[in-house]
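In what follows, a structure is listed as structure tokens, so that the remarks can point back to it.
Computed over heavy atoms, backbone and side chain alike; hydrogens, waters and symmetry mates excluded.
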Amino acid sequence: MSKQQSEPAATGADSARIFAEVAERSSRIMADFLKRQTETQNTAVSDEFGIGQAFMDLSALMLSKPQQLAEAQMNMFWDYTRLWQSSVMQMMGQKAEPVAVPRKGDNRFRHEDWENHFLFDYVKQSYLIAARHIHEAASNVEHLPVDARKKVDFFTRQYIDALSPSNFALTNPEVVRETMASGGQNLLRGLNNLLGDIERGDGQLQISMTDPKAFKMGENIATTPGQVVYQNELMQLIQYQPSTKKVYKQPLLIIPPWINKYYILDLRESNSFIKWAVDQGHTVFVVSWVNPGKEYAGKSFEDYLHQGPNDALDAIEKATGEKQVNVIGYCLGGTLLGAALGVMAAKKDKRVASATFFVSLLDFSIPGELGVFIDEKQVENLERRMNERGYLEGSEMAGTFNMLRSNDLIWSFVVNNYLMGKDPFPFDLLYWNSDSTRMPATMHSFYLRNMYLGNKLKDPGGITLDNVPIDISKIKVPAYFISTAEDHIAPWKSVYKGARVLSGEVRFVLGGSGHIAGIVNPPAANKYCYWTNPEFPQDSDEWLGTATRHEGSWWGDWQAWMEKNNGGAKVAARVPGDGKLKVIEDAPGKYVSLRLSAEKPKKARSAK
């Protein structure tokens, strides 16, 4: 139990101290806000997301069919009538079945008072009834354009989630109890936390998800022993110390996304994929991308291709003497891997022995909820902002991803930090999630236009890289695709479609959970499940319908596949620095250690 949780009701001295901190912070924040307002010339309100127009179209269509609108209102009325009847029965001491219950996994209503206390149960069910009917009414309108329908559906859910009674002090029983027990000090602490987050965000709210002081890379996070053996402008290459006497002959290269940092695969020893892979006998190399500033504005997708996988493969050959490497690409790193393999196929480059794709899109025809934020108008507005700064600010991308799971990644922290007045719990995954990275303007514009808007990567000759019109259908290396059933970022059916474009042997596996938890799922945890199918039909639903479900982690299935493709050949363990590449510094290296609030590292000279 934390100190805050165990404190008795507030004393006068405690309240005075917090009031003084709040007053001082409020004054400073307001002064900064007024200064910005006087300095800002353009105060016009714009609808960059096209939300206003989408809801105008929705309103017009709803009003054009008053009978359907009246029917929806009547259905909602009858549910409220049933709720009132149920509530009266409860008041009279009789048992009554609830009219509305939270969906499985909805953590907003876990406190026992939501069910046991008559008033809060009524508030909860009343909200759930309204939420369901509002969402159904907005979703069932016919003839709404597809893009507008997606925006209406997404932002209606955002609105509904924001108005949950759990998000307000007077309608959240846990907050009411804490307020009475502490004499309101929880709300004072919460206000101080809120002002601190606004201050930390330089005038914009940046909700604290965890205690950043609780973690230090290389000490209690990203601790797998290794050394940086190569670096260029865009990345450092880490080689990890072996933990077995013999290792597979073919090294393993991991290409993470540059939207986030690589150490999602090396959080703690107990859930580190990197440590686990080392322990299986792989010589593991990982790309650690730089966190770019405005000086990287002109860096292109092609630059990431050359200075990422291409340079890494060259460096690994120098370090180990091996000409063939097994490669893993995670998310955007997998998209880059697919593009690189397309170039290699055209050039008859056989340096990649096998390819593994972690939740990676090669076909972007089903972009999922991220598609709400990507259309021509929004990309143009984003390009304008990126061109002014030279990059996409990491916090903007993080905010977009958090909205995909707003109850878990936004509102739960509003309740904990601001209403309960608690400090966020130190959690390694959320520390990583808050460690935002920027993206160069030129590269990101190319990625959005050619992948998401144009969906050109899957088309033969759709994209030209390194002077080669690439055709990923010519990729023949053995490929392993792991997707996850609840992925909001890379929907599994879209990953499946991309996997079918390749012409080599493909093993497709579907894991449980989502984009992160479904990947960072060590066998020892015995969590979730995964599905396999030796057949690979065109239709993803047909694949799932005949797939076999297995309990636990997919990591062992991948290792068995790797064992088969490696042929079991082993060599003496390789130590970083023993080859032609010498050690530059210890892992995790300086590139990943840079947080956005810190000074950017100087560009490194090539260590070829």
Side-chain angles (χ1 to χ4, degrees), residues 103-105 252 254 257 264-265 271-273 276-277 280 326-335 337-338 354-370 404-405 408 429 458 472 475 477-566:
R103 61 174 175 77
K104 184 179 180 181
L252 176 66
I254 300 175
I264 184 59
L265 296 175
N271 65 357
S272 170
F273 179 85
W276 182 85
Q280 304 311 302
N326 299 302
V327 186
I328 295 174
Y330 191 167
C331 187
L332 178 51
T335 303
L337 172 59
S354 73
T356 298
F357 296 86
F358 287 1
V359 289
S360 301
L361 294 176
L362 302 179
D363 183 320
F364 289 74
S365 58
I366 309 175
E369 291 186 330
L370 276 180
L404 300 182
R405 294 178 53 208
D408 293 330
L429 178 59
K458 65 175 177 44
I472 64 172
I475 297 172
V477 300
Y480 186 104
F481 282 79
I482 171 66
S483 191
T484 52
E486 300 171 19
D487 198 329
H488 296 284
I489 297 169
W492 80 268
K493 291 187 177 182
S494 202
V495 175
Y496 188 91
K497 292 181 71 172
R500 282 196 50 83
V501 177
L502 308 189
S503 59
E505 174 202 338
V506 173
R507 180 170 179 80
F508 184 88
V509 177
L510 180 64
S513 195
H515 195 75
I516 302 299
I519 298 300
V520 185
N521 181 28
N526 197 28
K527 291 176 64 177
Y528 311 128
C529 62
Y530 65 96
W531 290 265
T532 62
N533 193 335
E535 303 299 323
F536 197 32
Q538 183 172 352
D539 183 74
S540 56
D541 288 328
E542 181 183 346
W543 179 92
L544 184 59
T546 57
T548 301
R549 174 183 167 126
H550 311 268
E551 296 302 320
S553 172
W554 56 270
W555 290 12
D557 182 82
W558 173 82
Q559 173 59 22
W561 183 84
M562 287 292 292
E563 175 79 20
K564 173 186 173 184
N565 280 282
N566 274 314

Could you walk me through whether L362 and L502 pass the side chain to side chain contact (heavy atoms under 4.5 Å, CB included) test, one step at a time?
CA-CA 10 Å; L362 302 179; L502 308 189; 4.1 Å; yes
Donor-acceptor under 3.5 Å ([X] side chain, [Y] main chain):
X: T484; Y: G512; result: no
X: R500; Y: F536; result: yes
X: T532; Y: V509; result: no
X: T335; Y: L361; result: yes
X: S553; Y: N521; result: yes
X: S272; Y: L265; result: yes

Can you tell me how far apart [atom1] ([X]) and [atom2] ([Y]) are? Round to the nearest 0.5 Å.
X: W558; Y: T356; atom1: CH2; atom2: OG1; value: 6.0 Å
X: S354; Y: E505; atom1: OG; atom2: CD; value: 10.0 Å
X: C529; Y: L510; atom1: SG; atom2: CG; value: 8.0 Å
X: W492; Y: L544; atom1: CH2; atom2: CG; value: 4.5 Å
X: W531; Y: H550; atom1: CH2; atom2: NE2; value: 10.5 Å
X: E551; Y: Y530; atom1: CD; atom2: OH; value: 10.0 Å

Taking all non-hydrogen atoms of both residues, which atom of [X] and which atom of [Y] are closest, and how far apart?
X: H515; Y: V359; answer: CE1-CG2, 3.4 Å
X: A490; Y: S483; answer: O-OG, 4.1 Å
X: R507; Y: D557; answer: NH2-OD1, 2.8 Å
X: S360; Y: G329; answer: OG-O, 3.3 Å
X: S494; Y: S365; answer: OG-N, 3.9 Å
X: D363; Y: K458; answer: OD2-CD, 3.2 Å

Side chains of [X] and [Y] in contact at under 4.5 Å (non-hydrogen atoms):
X: L252; Y: I328; value: yes
X: I519; Y: W554; value: yes
X: V506; Y: F481; value: yes

Classify the ring geometry between F508 and W543 as parallel (under 30°), tilted (30 to 60°) or perpendicular (over 60°).
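Perpendicular: the ring planes of F508 and W543 meet at over 60°.
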Taking the six-membered ring for Trp, are F273 and F358 parallel (under 30°), tilted (30 to 60°) or perpendicular (over 60°)?
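Aromatic pair F273/F358 classed perpendicular.
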Is there a side chain to side chain contact (heavy atoms under 4.5 Å, CB included) between V520 and I264 once you walk through the steps?
CA-CA 8 Å; V520 185; I264 184 59; 4.0 Å; yes
Carefully, step by step, assess I366 and K497 under the rule side chain to side chain contact (heavy atoms under 4.5 Å, CB included).
CA-CA 9 Å; I366 309 175; K497 292 181 71 172; 4.1 Å; yes
